[in-house]
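See structure below.
Every chain is numbered from 1 and lettered A, B, ... according to where its sequence line falls, protein lines coming before strand lines.
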Protein chains: 2
Amino acid sequence: MSAKTKSDGLNDTKRALLEAGIKLMRVRGYSATTVDDICAEAKVTKGGFFHYFKSKEDIAREAAAYFTAEKSKEIMGAAFRKLPDPLARIYGRLEFVQDYFRSAKQINRGCLVGAFAQETAITYPHLKEACRLAFTEWTKDFEVDLAEAKALYAPKADFEPVKIARLYLSIFQGSLIMAKTEDDTDALIENITEFRRYLISLMGEGTVRDQKQMKTAGKA
Amino acid sequence: MSAKTKSDGLNDTKRALLEAGIKLMRVRGYSATTVDDICAEAKVTKGGFFHYFKSKEDIAREAAAYFTAEKSKEIMGAAFRKLPDPLARIYGRLEFVQDYFRSAKQINRGCLVGAFAQETAITYPHLKEACRLAFTEWTKDFEVDLAEAKALYAPKADFEPVKIARLYLSIFQGSLIMAKTEDDTDALIENITEFRRYLISLMGEGTVRDQKQMKTAGKA
DNA sequence: GCGCTCATACAGACTAGTTGGTATGTTGAA
DNA sequence: TTCAACATACCAACTAGTCTGTATGAGCGC
């Protein structure tokens, strides 16, 4: 039956096609990426492509889901995740992302979901839905930590975790766009710093001093 | 020579092409918009199109500039512009944008510059440059007010106007993306509210009470 | 173990329609 | 008469998707 499936149930060829599609579409976008391009990149012929995907839109939908899962896994596996304190996780997350973009100063690809949202949200309802799901998942993931931290450190603070999580995701997506036009990630890193400052002002200055120690402890 | 040129030196046909191009590309993006589509929308033939633009990329570049100028004009002509107080102009600007998206709750098009930045920044250097210029112009426009307000009300405050301006533009662009996937502008409006709260925390709470009066005065 | 069947997993040529761009007009005003 | 301002027919290259063919291996009766 299936040749060589892996843990996630994906065949090698299909995975190669998905990863090629993601790689190309993150750079060129949906419309400018052709099926032939994807086939060439994945070293698969047209026959192979249409054996696994019934259309170009189909691979885009699966690519969005694959990309989202991949990024979620990256976040789930990061060191800050293991911190017991929710506020430490929050600041740890921000540093994690900043470090990520500090090491890759030049940006030569963007977020696949962001690209699809821009390009296809209005014209391809199915892709829009895939983007919405991804954004919801990422928002929720951050919101949980925010809610927990608020309950623990600033129960009376005047902010809604879900709104702050959405603000963060918007800043991130918007910064990625601007990073593309500026060829560097400085503004992205700066914007996260500003966001952190806002968070501190919401949570209360008092929570910061404690975090400094927890952070260094968590890094070990 | 030229048939019926207007104040900005643009012929009616060329303007129609530019506006058609903008209208379509804001919805479908660059690659998915064809020259024929633009011609049909503008009721101009291919010959007319290539009389005014030497390529598709060419109209995109001019469209970006046209769009940027158009938006700058909208901002320049808004009521908040005439406010003498810089801080009042800042909050007035935020309200202006929020009102704009409150009246158009459903979003069926995005920012042309944001779309180009996403889709073409890496593959079309000329378009990237056009986007960079637009972002720089918009950032500068806001930065001026921020610097003036800071000098006047919070000279010792710890923030750099240019960074806050860039943060705002990122939030705006990112929120537009998310608005597309959610079919409404709620998050966009909310994010601006959060940004305003951050600004207040930077400028100092003391500056808010005064603004309430100035704002209502400015609206009259 | 051996041939047979059959489904999966591709390979690659082909096609109908599209796309950006061109070549060759025509028209009307100066 | 000339030139800008279009109009129209046309083209080569490309594009998503199809069709037919084939290799491979699993399952099965014997």
Looking at C:dC10, I'd like to know if its phosphate oxygens (OP1 or OP2) sit under 4.0 Å from a side-chain N or O belonging to A:Thr13.
yes
Spacing of B:Ile38 atom CD1 relative to C:dG20 atom C1', expressed in whole Å:
11 Å
Distance, rounded to the nearest Å, where A:Asp58 contributes CG and D:dT18 contributes P:
12 Å
Give a yes-or-no answer on whether the side chains of B:Ser72 and B:Glu137 include a donor-acceptor pair shorter than 3.5 Å.
yes
Starting from the 5' end of DNA chain D, give me the residue, B:Gly48 or A:Thr33, whose nearest nucleotide shows up first.
B:Gly48
Among C:dT8, D:dC6, C:dG20, which is the nearest nucleotide to the side chain of A:His51?
C:dT8
In whole angstroms, how far is the P atom of D:dT18 from the CZ atom of A:Phe53?
15 Å
Quick check: any donor-acceptor pair below 3.5 Å linking the side-chain of B:Lys46 to the base of C:dG21?
yes
B:Phe50 has an atom CZ; how far is it from atom P of C:dT19, in whole Å?
13 Å
For B:Arg197, is the CZ atom crowded, meaning more than 12 foreign heavy atoms sit under 6.0 Å from it?
yes
What's the NZ-P distance between B:Lys14 and D:dA5, to the nearest Å?
10 Å
Under 4.0 Å from OP1 or OP2 of C:dC10: is there any side-chain N or O of A:Tyr52 that close?
yes
Using a 4.0 Å heavy-atom cut-off across all strands, classify A:Thr34 as base, sugar-phosphate, or nothing.
sugar-phosphate
Parallel under 30°, tilted from 30 to 60°, perpendicular over 60°: which one fits the rings of A:Tyr30 and A:Phe116?
perpendicular
Side chains of A:Tyr52 and A:Asn11: any donor to acceptor distance under 3.5 Å?
yes
Which one, C:dG21, D:dT8, D:dA16, comes nearest to the side chain of A:Lys56?
D:dA16
Roughly, in whole Å, what's the span from CZ in B:Phe49 to P in D:dA4?
20 Å
Can you tell me how far C1' of C:dC10 sits from CG of A:Asp12, to the nearest Å?
14 Å
Atom CD of B:Glu57 to atom C1' of C:dT19: distance rounded to whole Å?
16 Å
For A:Gln98 and A:Arg196, test the side chains for any donor-to-acceptor distance below 3.5 angstrom and give the result as yes or no.
yes
Using only side-chain N and O atoms of A:Asn11, determine if any of them is under 4.0 Å from OP1 or OP2 of C:dC10.
yes
Return no unless some side-chain N or O of A:Ser55 is found under 4.0 Å from OP1 or OP2 of D:dA16.
no
